[in-house]
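Each remark here refers to the structure printed beneath this line.
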Protein chains: 2
Amino acid sequence: MELKEAKDKFIHTWGTLATQWGINRTMAQIHSLLLLAPKSMNADEIMSELQISRGNVNMNLRDLMDWGLIYKQLLPGERKEYFIAEKDIWKVAKQIAKERRRREIGPLIDAMQDLKDGIKPDTAEKEEFLKIVNDISTVSVFADNTLTSLLKADENWLVSSFIKVFNR
Amino acid sequence: MELKEAKDKFIHTWGTLATQWGINRTMAQIHSLLLLAPKSMNADEIMSELQISRGNVNMNLRDLMDWGLIYKQLLPGERKEYFIAEKDIWKVAKQIAKERRRREIGPLIDAMQDLKDGIKPDTAEKEEFLKIVNDISTVSVFADNTLTSLLKADENWLVSSFIKVFNR
DNA sequence: TATTTTTTTCAAAATATTTTGAAAATTCAA
DNA sequence: TTGAATTTTCAAAATATTTTGAAAAAAATA
């Protein structure tokens with residue numbers, strides 16, 4: 001397997017997997033292209049490399065910046081904007097985890113809180129309902145706190161603390 | 001807010017959030033309906049409650065069983081199959097985490113391994129490429145192991161071990 | 001300021017996913 | 001067995017999401 005072939009396979013695989021986890025294919029492909037690129041790239045280069053439209057490239061570059069996975073780079077003497085990916089994979093993993101926590105756990109906590117606030121446990125049925133809502137609330141707050149604690153720590157601490165926990 | 005209203009809001013919210021995390025709306029709605037139901041329900045009851053087709057109900061009930069979130073219950077004297085949700089929210093959370101680990105992390109580990117196996121580091125460029133592949137491999141194996149260890153433990157151990165880790 | 005380059009927006013088109021519903025397969029009782 | 005009840009399948013329809021590309025906006029230059 002030659003390098004070009006391997007890189008294409010990497011980009012394709014990353015794009016396919018992404019759809020399994022709620023991220024769109026193009027965003028993942030642009031991300032992996034930049035991850036493998038030795039230099040920063042501009043919109044035109046990404047367009048021609050992945051054969052996609054300018055609008056699509058622009059929209060996904062902005063999303064990737066929102067996710068904190070790529071940075072804009074302004075090169076002196078260049079009008080065009082260049083983009084470069086965060087290459088530290090631990091940071092990438094942390095950013096992804098952080099964003100997914102925000103998107104997936106946050107709204108769940110809020111929704112359960114609204115239900116708790118909006119209903120009084122004045123019948124047995126309502127109590128039963130609130131029991132479930134409370135349980136979900138507890139579990140999601142727990143998951144949120146756990147992830148938050150992990151993400152605050154730096155990566156070395158992260159690794160070593162897990163080794164400590166799971167080796168005892 | 002009355003009970004019926006709160007339950008509908010719960011089902012609706014669960015369905016909407018699910019789409020954010022790669023689970024389809026109907027599957028989430030059926031799950032929440034069964035989670036809140038005092039008794040097990042059959043396909044016809046689910047159809048009329050959620051106003052969806054028989055095929056859709058059938059397909060999603062099977063998916064929910066695959067996820068280990070609901071169980072089939074055969075009632076004596078009844079021809080129809082009844083379904084009941086796992087009510088222990090810790091178990092539910094564990095099942096969801098387990099399934100997502102399998103779907104999201106597993107394929108990533110396999111893909112990186114294929115790339116590692118398929119390419120020789122005989123040029124500087126290839127070495128650089130393999131560095132990234134290796135990093136992703138390491139992080140995803142780490143995440144996989146961490147989750148696996150957590151999921152093997154029972155929930156009390158889970159809670160207390162996290163408290164230990166994060167309080168020191 | 002006017003002109004050119006680059007980025008952004010967004011309605012329409014293309015693509016992907018989900019849902020339907022009727023037919024086929026399966027299960028169960030007599 | 002047969003026949004009725006129930007579940008499953010899957011092609012077509014409906015819906016949702018993504019992508020395009022041209023026009024508008026913004027930014028840089030002269």
Side-chain angles (χ1 to χ4, degrees), chain A residues 11-34 40-67 69-84 103-104, chain B residues 11-34 40-67 69-84 103-104:
Chain A
I11 291 168
H12 177 262
T13 303
W14 200 253
T16 306
L17 289 181
T19 59
Q20 299 251 331
W21 13 295
I23 288 162
N24 99 7
R25 197 169 52 90
T26 307
M27 178 171 148
Q29 287 186 342
I30 294 175
H31 180 228
S32 52
L33 177 64
L34 290 175
S40 56
M41 298 178 76
N42 64 39
D44 289 281
E45 290 166 346
I46 296 168
M47 280 170 69
S48 78
E49 186 71 37
L50 300 178
Q51 294 292 307
I52 53 181
S53 72
R54 183 177 302 284
N56 199 4
V57 168
N58 183 270
M59 168 169 290
N60 283 294
L61 283 173
R62 277 187 298 115
D63 286 350
L64 283 165
M65 284 191 287
D66 288 345
W67 276 72
L69 298 176
I70 66 170
Y71 311 112
K72 193 183 278 187
Q73 209 178 43
L74 294 173
L75 297 183
E78 279 280 3
R79 287 278 290 268
K80 289 182 179 158
E81 296 175 332
Y82 283 73
F83 299 89
I84 191 161
R103 290 172 179 235
E104 298 180 7
Chain B
I11 291 168
H12 177 261
T13 303
W14 200 253
T16 305
L17 290 181
T19 60
Q20 297 253 330
W21 11 295
I23 289 164
N24 97 8
R25 199 169 52 90
T26 306
M27 178 170 149
Q29 287 187 341
I30 295 175
H31 181 228
S32 51
L33 177 64
L34 289 175
S40 57
M41 296 177 79
N42 63 40
D44 289 283
E45 290 166 346
I46 296 168
M47 283 169 69
S48 78
E49 186 71 38
L50 299 179
Q51 295 290 309
I52 52 180
S53 73
R54 184 177 301 286
N56 199 3
V57 168
N58 183 270
M59 168 168 290
N60 283 293
L61 283 173
R62 276 187 299 113
D63 286 350
L64 283 165
M65 284 191 287
D66 289 345
W67 277 71
L69 298 176
I70 65 171
Y71 311 112
K72 194 183 276 188
Q73 208 180 42
L74 293 173
L75 297 182
E78 280 278 6
R79 283 282 287 276
K80 286 180 180 158
E81 295 176 332
Y82 282 72
F83 299 89
I84 193 162
R103 291 170 178 236
E104 299 180 7

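Below, read A as the first sequence line, B as the second, and so on, with proteins coming before strands; counting in each chain starts at 1. Keep in mind that the numbers below use all heavy atoms, side chains included, and drop hydrogens, waters and symmetry copies.
Taking CD of A:Glu78 as the start and CG of A:Leu74 as the end, the distance is 10.5 Å to the nearest 0.5 Å. Between A:Asn58 atom CG and A:Asn60 atom CG the span is 9.0 Å, to the nearest 0.5 Å. Here CG of A:Leu33 is found 4.5 Å from CD1 of A:Ile11. Values are rounded to the nearest 0.5 Å. Note: A:Asn56 CG to A:Leu61 CG = 9.5 Å, rounded to the nearest 0.5 Å.
Under the 4.5 Å side-chain criterion, counting only non-hydrogen atoms from C-beta, A:Trp67 is in contact with A:Ile23. By the 4.5 Å heavy-atom criterion applied to side chains, B:Ile70 and B:Ile30 are not counted as neighbours.
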Indicate every side-chain donor-acceptor pair of residues 42-50 of chain B with a distance under 3.5 Å to a residue at least two apart or in another chain.
residue : atom : partner : partner atom : Å
B:Asn42 : OD1  : B:Asp44 : N            : 3.0
B:Asn42 : OD1  : B:Glu45 : N            : 2.9
B:Asn42 : ND2  : B:Tyr82 : OH           : 3.1
B:Asp44 : OD1  : B:Arg54 : NH2          : 2.9
B:Asp44 : OD2  : B:Lys80 : NZ           : 3.2
B:Glu45 : OE1  : B:Asn42 : N            : 3.0
B:Ser48 : OG   : B:Glu45 : O            : 3.4

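Taking the nucleotide of DNA chain C with the nearest heavy atom to each of A:Asp44 and A:Arg25, the more 5' of the two is matched to A:Asp44.
Scanning for side chain to side chain donor-acceptor pair (under 3.5 Å) contacts around A:Gln20 gives an empty result, with sequence neighbours left out. With sequence neighbours left out, the side chain to side chain donor-acceptor pair (under 3.5 Å) criterion links A:Asp63 to no other residue. For the side chain to side chain contact (heavy atoms under 4.5 Å, CB included) test, no residue two or more places apart in sequence or in another chain qualifies with B:Arg79. In this view, B:Glu81 and B:Lys72 satisfy the side chain to side chain donor-acceptor pair (under 3.5 Å) rule, not counting sequence neighbours.
At the heavy-atom level, B:Thr19 lies nowhere under 4.0 Å from the strands shown.
Each side-chain hydrogen bond (donor to acceptor under 3.5 Å, both in side chains) pair with one or both residues in residues 22-33 of chain B, not counting sequence neighbours, appears once here: B:Trp14-B:His31.
In the helix from C:dT1-D:dA30 to C:dA30-D:dT1, the terminal helix axes, each the rotation mapping four pairs' C1' atoms onto the next four within five end pairs, subtend 20°, rounded to 10°.
First and last contacts of DNA chain D with chain A, using any nucleotide atom under 4.0 Å from a protein heavy atom and ordered 5' to 3', fall at D:dT18 to D:dT29.
Using a 4.0 Å cut-off on heavy atoms, the residues of residues 48-63 of chain B that approach DNA chain D are B:Arg54, B:Gly55, B:Asn58, B:Arg62, listed by number. Residues of residues 76-84 of chain B having a heavy atom closer than 4.0 Å to DNA chain C, listed by number: B:Arg79.
Scanning both residues, B:Gly15 and B:Ala28, for their nearest heavy atoms gives CA-CB, 3.8 Å.
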